[in-house]
**Student:** 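One structure follows; several queries about it will come next.
First the proteins, then the strands, lettered A, B, ... as listed; each starts at 1.
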Amino acid sequence: MRSGPIAAVTLWWGGRSALQATILALVLFGGFLLVSNTLANMERFGITPGFAFLEHPAGFEIGEAPIDYRPQDSYALALLAGLLNTVKVAAVGCLAATVLGVLLGVARLSGNALLSGLVQGYVELIRSTPLLLQLFFWSATFQALPAPRQALNPLPGVFLCNRGIQLPAFADGRAAGWVLAAAVLGTVLALAGTALHRRAGRRGGLPGMTVAAVACGLPVSLLLASGVPLRIEVPELSGFNFSGGTTVSPEFSALLVGLVVNAAAMIAEIVRSGLQAVPAGQWEAARALGLTRGRTMRLVVLPQAMRVIVPLLTSSYLNLTKNSSLAVAIGFPDLVSVINTSANQTGQVLETMAIMMGAYLTVNLAVSAAMNLYNHRLAIRGWR
Amino acid sequence: MTGAAAAGPTLDAIKARGSIKVGVGTQPGFFAPDSNGRWQGFFVDFGRALSIAVFNDPDKVQFVSSSPQQRLPALQSGEFDILLSGVTQTFTRATKLGFHFGPVVFYDGQGLLVPKKLGVSKGKDLNGATVCVQTGTTGELNITDFFRQNGIAFKPVVIEETAENQKAFASGRCDVLTQDASDLAITRTQLPKPDDYVLLPERISKEPLAPAIRYGDDQWLEIVNWAVYATIQAEELGITQANVDSFLTSGDPAIRRFLGVDPSLGEAARLDPKFAYTIIKTLGNYGEIFERNVGPATKVGLDRGHNTLWTRGGLLYAPPFR
């Protein structure tokens, strides 16, 4: 076959060029009708299309925003807060669902009939009921916790009530950021130090103590130099609610638990099928080498099963991300919730829908790309 | 008449379909199907009045309930011919969103429902409170404005589902439930222990609830206007469902015009000349519709308040039928 741009176009165009051209023309015509009809209708109703509203003050409050948002801020900032809430619940959810799902998937294959049966029951129950129903269940469960004045106090400084989980936190809001930055810097230094140490080891070595001292000392001194007070505040009951510390809202908790429990059931099945795809001979070979069951799983079977698991895992992650939009039903201010309110107050329904589609598409394509990259690496490793 | 002016796409569609599609909400007293599946309620009766005005039959109307979040886009996209779901008439909705409003059929205001045990007597005491509010209502902005004006803070919990919203409040997830006061009065009766809750006396906004239709249907708008005005005018004239027939022989030209005994009015509007008569005969006047569905004798138990005739110090006023 010839190569070059013309050949590429011919290949893309396919064999039946007349049919292809007709279909393309029809699709374009349909699109044109749709757009012109929409614009004509908007004109008739006196709606001005456009994204100018994004700069206008939003005027509504958002219950929990990961960024500093106030009602007088713009719609753009409100949408960003909603998007970050979606990303937050999706990221934490994917991570937790993976851990729980892998554990359940492994337990499902356990020789213990009780354990395996329990997991099977769980998987069947979750997969056979609608997610929305499960979310209502979790929402009702978290709302059934006692009122703030009768809050449960399972650990010192930790309170459970129908206003959420109250946890101790730094008194100064900026402190958490500095501590996180210091921890990241310390980890990077430690990893870099270890790598250097290994490489240098052949030529005599870098003292381990030096590495450790730099990896801990630098971040700590940076933290101290920032001058942020590191006082920890314990939540206290005052007025209608707790003050001080930090709160994980019941809506976030219910949504997170609901999504994780739901996705973990799917992931458990994916892990099970992945493990079963590894030939039994691998187990036998590992046993012949004297590996324990646990080490066989970790070192021999799981790495091979991952090649089956990862592509399916990707769609589980995408599902979880999209399912987080059900948050609107239980009151967590995710992207959809903020979009709904914005659309309602501005009337720019099409524009806000376009923003929502763009946002979900971006997030999901990013997840997909990252997972594909990981899958690619696994596949290459398998080739060698 | 010089040729038939275009009736507008909505009225044409209604006539072609043979029924009116009305978007309503879910709140017994205002709109709810009864045990036979027949829709009943204050707003529902105005839907039937329209059906009488267009078809001379109270039942050529389909009621579809829609959440506050969905109803306006649904009306815009043509799913309904009219919204009778307690929509607040606002500047933005009228000028930017492409909606025309009929006469206000219910004058409401946003209220605050709180548990008695909070010991709160006015909205200003609510600093730091958590407030449950429903998506898609003017309430979301009003409550933000209210707390900002008073320089106090609050935390909203915004839920789309009416039932979930009430459940969150009943379980104590929030300190305050905010909605139109009439809604709250009904919600209070639906809570497990109504006496444990109190509706604070202040109204933090004006909520004139009016029928909403799309732009571009002038004639349909006039039918909506005058069907509602007919119920108000009847009350003003002292005409009720029970005594309307006795007025047919009245010598008062205003009454004769209104009831279509002298047929000039209805003809001009291309309506049945007796549309007002049929509405009153079938549904009663405004006061009767109010008392039957939400008045003090009903479970809902609302006072007429502002929703009484201008002649008795209220806000209800029908332009002259002439």
**Student:** Checking B:E164 against chain A: side chain, backbone, both or neither under 4.5 Å from a heavy atom?
**Tutor:**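 The side chain, not the backbone.
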**Student:** Considering only heavy atoms, which portion of A:A329 lies under 4.5 Å from any heavy atom of chain B: side chain, backbone, both, or neither?
**Tutor:**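 The backbone, not the side chain.
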**Student:** Ignoring hydrogens and geometry beyond distance, is a side-chain donor-acceptor pair present between A:N262 and A:Q134 at under 3.5 Å?
**Tutor:** yes
**Student:** Check whether B:C132 gets within reach of chain A through its side chain, its backbone, both or neither, counting any heavy atom under 4.5 Å.
**Tutor:**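 It is neither, since no heavy atom gets under 4.5 Å.
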**Student:** Contact part of A:P333 toward chain B, heavy-atom cut-off under 4.5 Å: side chain, backbone, both or neither?
**Tutor:**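 Looking at A:P333, nothing touches chain B.
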**Student:** Go through the atoms of A:V349 and report whether side chain, backbone, both or neither lie under 4.5 Å from a heavy atom of chain B.
**Tutor:**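 For A:V349, the contact with chain B is made by the side chain alone.
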**Student:** Picking from B:A168, B:P68, B:P73, which has the most non-hydrogen pairs under 4.5 angstrom with chain A?
**Tutor:** B:A168
**Student:** Would a line drawn from the ring center of B:F106 to the ring center of B:F30 be shorter than 6.0 Å?
**Tutor:** yes
**Student:** Name the region of A:I62, side chain, backbone, both or neither, that has any atom closer than 4.5 Å to a heavy atom of chain B.
**Tutor:** backbone
**Student:** Only pairs of heavy atoms separated by less than 4.5 Å count here; which of B:E140, B:K167, B:K155 has the most with chain A?
**Tutor:**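 It is B:E140.
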**Student:** Would you mind checking if B:R17 and B:D81 are paired as a salt bridge, meaning a charged N to carboxylate O distance below 4.0 Å?
**Tutor:** yes
**Student:** Is B:D183 paired with B:R188 through a side-chain N to carboxylate O contact shorter than 4.0 Å?
**Tutor:** no
**Student:** What part of A:Q348 lies closer than 4.5 angstrom to a heavy atom of chain B: side chain, backbone, both or neither?
**Tutor:**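 The side chain, not the backbone.
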**Student:** Report which part of A:A144 has an atom under 4.5 Å of a heavy atom belonging to chain B: side chain, backbone, both, or neither.
**Tutor:**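 Neither part, no heavy atoms under 4.5 Å.
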**Student:** Is any side-chain N of the basic residue among B:D125 and B:K122 closer than 4.0 Å to the acidic one's carboxylate O?
**Tutor:**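 Answer for the salt bridge query: yes.
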**Student:** Classify the ring geometry of B:F43 against B:F31: parallel below 30°, tilted from 30° to 60°, perpendicular beyond 60°.
**Tutor:** parallel
**Student:** Check for a donor-acceptor pair, side chain of B:W220 on one end and backbone N or O of B:I14 on the other, with a separation under 3.5 Å.
**Tutor:**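 Checking the backbone N and O of B:I14 against the side chain of B:W220, no donor-acceptor pair under 3.5 Å is found.
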**Student:** Quick check on B:F147 against chain A: is it the side chain, the backbone, both or neither that has a heavy atom closer than 4.5 Å?
**Tutor:**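 Neither part.
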**Student:** For B:L72, is it the side chain, the backbone, both or neither that has a heavy atom under 4.5 Å from a heavy atom of chain A?
**Tutor:**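 Contact with chain A is through the side chain of B:L72 alone.
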**Student:** Taking atom types as modelled, find out whether B:Q62 and B:S19 have a side-chain donor-acceptor pair closer than 3.5 angstrom.
**Tutor:**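 Side chains of B:Q62 and B:S19: pair found under 3.5 Å.
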